[in-house]
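Below, read A as the first sequence line, B as the second, and so on, with proteins coming before strands; counting in each chain starts at 1.
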Amino acid sequence: MKLPVIGQNAAQAALFLLLLLAVPYTLPNEYYLSICILGALNAVIAVGLNLLMGYAGQVSLGHAAFYGLGAYATAIATARFGLPIPAGMAIGVSLATVVAWVVAAPTLKLKGHYLAMATLGFGIIVSIVFNEAVDLTGGPSGYVGIPRLALFGYEFASDHSYYNLMAVVLTFVVLLSLNLMKSRTGRALRALHVSEKAAASLGVDIAAHKRFVFVLSAALAGLAGVLYAHYLSFIAPASFGFGFSVQLVVMVVLGGMASVWGSVAGALFLTALPEALREFEDIDILVYGAILVLTIMFLPDGLAGGLSRLSRRLRRLRRQGDAS
Amino acid sequence: MTAALLDVAAATVRFGGIHALTEADFTIAPGTVTALIGPNGAGKTTLLNAITGMVPLTSGAVLLDGADISSLPPHKRAEAGVVRTFQNLEVFTSMSVLENVMAGRHALTRYSVAASLLRTPGFRRAERECREAALDCLEFVGLADLAHAPAGDLPYGKQRLLEMARALAASPKLLLLDEPAAGLNSKETAELGHLIRAIRDRRGVAVGLVEHDMDLVMSVSDFVTVLHFGHPLAAGTPDEIQANPDVIKAYLGEDD
Ligand SMILES: Nc1ncnc2c1ncn2[C@@H]1O[C@H](COP(=O)(O)OP(=O)(O)OP(=O)(O)O)[C@@H](O)[C@H]1O
Ligand SMILES: [Mg+2]
């Protein structure tokens, strides 16, 4: 089906937003809403990371650092220096962006395992700073007293209002990512993923494109970071460490490489899973691991790949049904 | 002598102790098919790599339309009009056939990132043009009916054609083909010969042809340069080359 006026991406995004906005009315209590907010935050980061990893083929094992930089920067700017929240948020996103821009040049010259190691090292260094710069960050025990998000005089005081905000933010991130990947930039990124030589031979500036997508994905992580800080009003280094960087990678891989919708699914699924496994108590981590392994085994191209295969099969069945 | 489109002057490339190219001169005149032949390891691919900026010159210069492009990175040389295909296929296997060729138009499809995020009318116009130009190139090489197939599913010979369509989409002044007939059967090779002539005659693109298939080389080329141990042994028309005793001794003779 062709939708020339608003475009297919916009139509999908609009539908997605409606769906998201309906979710709170199906939930039994407020607690689930907070899980959904965290899921949406993670989805913003995972979509950004997939632009880098799934489309452009550049691994990052340090993306939690950009999430943390955004969170700490706005926390310190607003709670300590009393800056207005929008200013703090702008500073948070900018810091993640600038740091990514500086780190990108030396790091993205590396490939494969070396790139993974370099981003891993970067993430660890930032994590050490969060832990050790006690005067600034509050150290391991964390940073308290971050103001709840308020914009243009409206305070997102209830979880429901915060959730609605996140639904809008996530929808925009998804829509803009879909649009970007369906342009010359998206083609160039997918091209250099397969062959840097061939992409360069056709006029693609490899270094500039890698840097662009790295910075973009860091900025999205930073955006999630500021929204996280002003949601929880408390942050601690443990949320931005190596473990979370790995979880983000798992969200992308499980959701499906080079699929924006896949990353949304992967992030929501992995955020909800530990909650769903609560009743297994002591063995929940085992069940969690088993589910991951089974998913990857049976859905090698992720949730997105599995869903598209399922829909193809259903369509074929329907066609057969029509024929007979 | 008419001004050369491409002028490689005294190009030397060393990899550690290996002298891949030694003071190699190579010119391509506008509107011609110019072949570069020589035994395995003679330095033909290295010369293409040096022309397109993929290996650095130890010394020497590459001139395009009289302008020195030796210090430009590969993507700038592509923008300047030198585009190539690869001896070992470098098709974007994760993309469709059409997307491959649209990626080839990267440098000619101009709009800002903001325009692509907002899908402005200018963006949509440029994308439509990109798509039509890409389809035209696919039509030209005879792959139009496979536009929506995954590029990785194409058989070998068709992937070679796809690389040519992708390169043509960049609207080059000079198209460098690295062993386009490798792996093709005789029927496909004959069609390739027609295609190379059509690239020269109908598209007005000069062609640099690296090839081992001598029947193809001698039938489509206007000029031939023979490379031997990284150094040009002879240059001339196909007739002159086939009659050249040095070339026969060093290279052509070995087939007989
Ligand atoms: N990147 C590299 N590093 C080291 N040596 C190289 C490199 N590229 C080429 N060589 C060497 O340079 C010489 C010329 O190689 P080149 O690939 O240019 O030959 P060719 O004429 O294209 O041969 P063929 O017909 O087999 O493709 C060979 O000895 C090769 O081993
Ligand atoms: Mg070669």
Would you say A/Arg309 has more than 12 foreign heavy atoms packed within less than 6.0 Å of its CZ?
-> yes

Shortest non-hydrogen pair, B/Leu117 vs A/Asn179, comes out as O-ND2, 2.8 Å

Shortest non-hydrogen pair, B/His75 vs A/Val204, comes out as CB-O, 3.3 Å

In short, B/Glu127 meets A/Ser183 closest at the heavy-atom pair OE1-CA, 4.4 Å

Quick note, salt bridge (charged side-chain N to carboxylate O under 4.0 Å, His left out) partners involving residues 95-115 of chain A, not counting sequence neighbours, are A/Lys111-A/Glu196

Per-residue tally against chain A (heavy atom, under 4.5 Å) across B/Ala170, B/Ala107, B/Ala115, B/Gly104 peaks at B/Gly104

Okay, B/Ser116 and chain A: the region with an atom under 4.5 Å from a heavy atom over there is both

| query | Any chance OH of B/Tyr156 has more than 12 other-residue heavy atoms, nucleotides or ligands included, within less than 6.0 Å? | reply | yes

Here the gap from A/Arg184 atom CZ to B/Arg105 atom CZ, rounded to the nearest 0.5 Å, amounts to 11.5 Å

In short, salt bridge (charged side-chain N to carboxylate O under 4.0 Å, His left out) pairs touching residues 141-164 of chain B with sequence neighbours left out are B/Glu163-B/Arg166

### Message
Quick one, B/His106 and A/His209 - any side-chain contact, counting heavy atoms below 4.5 Å?
### Response
yes

Between A/Gly203 and B/Ala78 the two heavy atoms that sit nearest each other are N-CB, 3.4 Å

B/Tyr111 meets the ring pair (Phe, Tyr, Trp, His ring centres under 6.0 Å) criterion, sequence neighbours left out, with B/Phe123

d(B/Thr52 OG1, A/Lys197 NZ) to nearest 0.5 Å is 9.5 Å

By residue number, those in residues 84-102 of chain B with heavy atoms under 4.5 Å from heavy atoms of chain A are B/Arg84, B/Phe86, B/Glu90, B/Val91, B/Phe92, B/Thr93, B/Ser94, B/Met95, B/Glu99, B/Met102

